[in-house]
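I have placed the structure first, in the form of structure tokens, so that the comments after it can refer back to it.
We number each residue from 1, following the sequence as shown.
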Amino acid sequence: MKCPCNPNSQFSMCCEPIILGDNAATAEQLMRSRFSAFATYNDDYINKTFSSVNNLEHSNNKSNQDQQWLGLTICSSTHDKVEFKAYYAFETNLYVLHEVSDFVIEQGKWRYDKGVIVEHDAIKFPRNTECFCGSGKKYKRCCLNK
């Protein structure tokens, strides 16, 4: 299975080991694994990777099974900050979530602390747009119909 965070990597070699308990070595690795957890509807992992400050507020978050997470683009990454664009489909619309996220280390593990949403809108995609999943197919003939 391709990794949701990077279609050029296998899930078993990329995010799955982190989701199953390995420590993320960087804030970006944690961000990628959280995206993959959203894409695979792994609420337990998403909830346990919030910082202790935000964990109580978000501890019962549930994935929206109607959202299909399609792709992730890392715009920039520093020691404790990751700017990304996450693309998802909901009903027949395509959306982008553009966020700058802050991460902290707690008890030797990276945790998601907070984020500032730069953009969260439905987007129009140009004709013949390649699918975000990395299949090489056109989006309208691939993930749009799933």
Side-chain angles (χ1 to χ4, degrees), residues 1-91 93-126 129-139 142-144 146:
M1 170 179 159
K2 292 180 182 180
C3 192
C5 88
N6 180 355
N8 296 319
S9 297
Q10 290 298 310
F11 184 56
S12 63
M13 302 298 290
C14 189
C15 290
E16 186 177 40
I18 298 168
I19 291 171
L20 293 176
D22 287 357
N23 282 341
T26 65
E28 183 177 330
Q29 267 191 337
L30 183 67
M31 176 62 241
R32 289 180 173 280
S33 69
R34 284 175 55 85
F35 176 82
S36 293
F38 274 102
T40 58
Y41 310 108
N42 188 330
D43 297 327
D44 290 338
Y45 180 76
I46 295 163
N47 290 329
K48 79 176 187 180
T49 55
F50 281 106
S51 68
S52 59
V53 171
N54 291 308
N55 197 24
L56 292 176
E57 180 183 341
H58 298 286
S59 63
N60 292 317
N61 277 3
K62 297 288 182 209
S63 297
N64 184 342
Q65 300 282 326
D66 295 328
Q67 287 178 333
Q68 180 186 9
W69 294 93
L70 303 171
L72 176 69
T73 300
I74 302 296
C75 303
S76 66
S77 180
T78 64
H79 173 71
D80 61 351
K81 201 176 282 289
V82 180
E83 180 179 357
F84 68 91
K85 291 182 180 181
Y87 299 90
Y88 68 94
F90 179 67
E91 296 176 346
N93 295 314
L94 181 65
Y95 294 86
V96 61
L97 171 62
H98 183 183
E99 182 175 311
V100 178
S101 299
D102 293 327
F103 296 84
V104 294
I105 297 175
E106 293 180 340
Q107 299 176 346
K109 294 182 179 185
W110 281 105
R111 296 288 182 245
Y112 172 82
D113 191 41
K114 61 185 179 282
V116 174
I117 295 174
V118 177
E119 174 186 21
H120 191 194
D121 292 314
I123 58 174
K124 297 204 185 272
F125 47 93
T129 298
E130 189 173 310
C131 193
F132 299 95
C133 75
S135 68
K137 297 177 184 176
K138 294 177 185 176
Y139 172 68
C142 189
C143 288
L144 176 65
K146 289 184 181 177

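Listed by first and then second residue, the salt bridge (Lys or Arg N to Asp or Glu O under 4.0 Å) pairs involving residues 22-36 are E28-R32 (not counting sequence neighbours).
Rounding to the nearest 0.5 angstrom, the gap separating the NZ atom in K48 from the CG atom in N42 is 8.0 Å. Atom CZ of F35 is separated from atom CG of N6 by 10.5 Å, given to the nearest 0.5 angstrom. Remark: S101 OG to E83 CD distance equals 9.5 Å, nearest 0.5 Å. Going from atom OG1 of T40 over to atom OH of Y45 covers 10.5 Å, rounded to the nearest 0.5 Å. Taking CZ from F84 and OG from S77, the interatomic distance works out to 11.5 Å, rounded to the nearest 0.5 Å.
Here the shortest heavy-atom pairing between G108 and N23 reads O-ND2, 4.1 Å. Shortest non-hydrogen contact noted between Y41 and Q68 is OH-CA, 4.1 Å. Here the closest non-hydrogen pair linking V104 and S51 is CG2-CB, 3.8 Å. Residue A37 comes nearest to I19 through the heavy atom pair N-CD1, 4.0 Å, listed as atom of the first residue, atom of the second, then distance. Closest heavy-atom contact between Q10 and M1: OE1-O, 3.0 Å. Heavy atoms only, all atoms of each residue included: W69 and F38 are closest at CD1-O, 3.5 Å.
No side-chain heavy atom of E16 sits less than 4.5 Å from a side-chain heavy atom of C3. Annotation: side chain of Y95 is not in contact with side chain of D121 (no heavy-atom distance under 4.5 Å). With contacts defined as side-chain heavy-atom distances shorter than 4.5 Å, the pair F103/K81 does not qualify. Within the 4.5 Å cutoff, side-chain heavy atoms of K85 are placed close to those of C75. Residues D80 and D102 have side chains not in contact (no heavy-atom distance under 4.5 Å, counting atoms from C-beta outward).
In this structure, the side chain of E106 engages the main chain of S52 through a donor-acceptor pair within 3.5 Å. The closest donor-acceptor contact from the side chain of S36 to the backbone of S33 lies at 3.5 Å or more, if one exists at all. Judged by distance alone, the side chain of Q67 and the main-chain N or O of Y88 form no donor-acceptor pair under 3.5 Å.
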Give the intermediate values and the outcome of side chain to side chain contact (heavy atoms under 4.5 Å, CB included) for residues L70 and L94.
CA-CA 9 Å; L70 303 171; L94 181 65; 3.5 Å; yes
Kindly determine whether I105 and R111 satisfy side chain to side chain contact (heavy atoms under 4.5 Å, CB included), including the steps that lead there.
CA-CA 6 Å; I105 297 175; R111 296 288 182 245; over 6 Å; no
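No donor-acceptor contact under 3.5 angstrom links the side chains of H120 and E99, judged on distance only.
Evaluation of the side chain to side chain donor-acceptor pair (under 3.5 Å) rule for Y87 yields no partner, not counting sequence neighbours. In this view, K109 satisfies the side chain to side chain donor-acceptor pair (under 3.5 Å) rule with no residue, not counting sequence neighbours.
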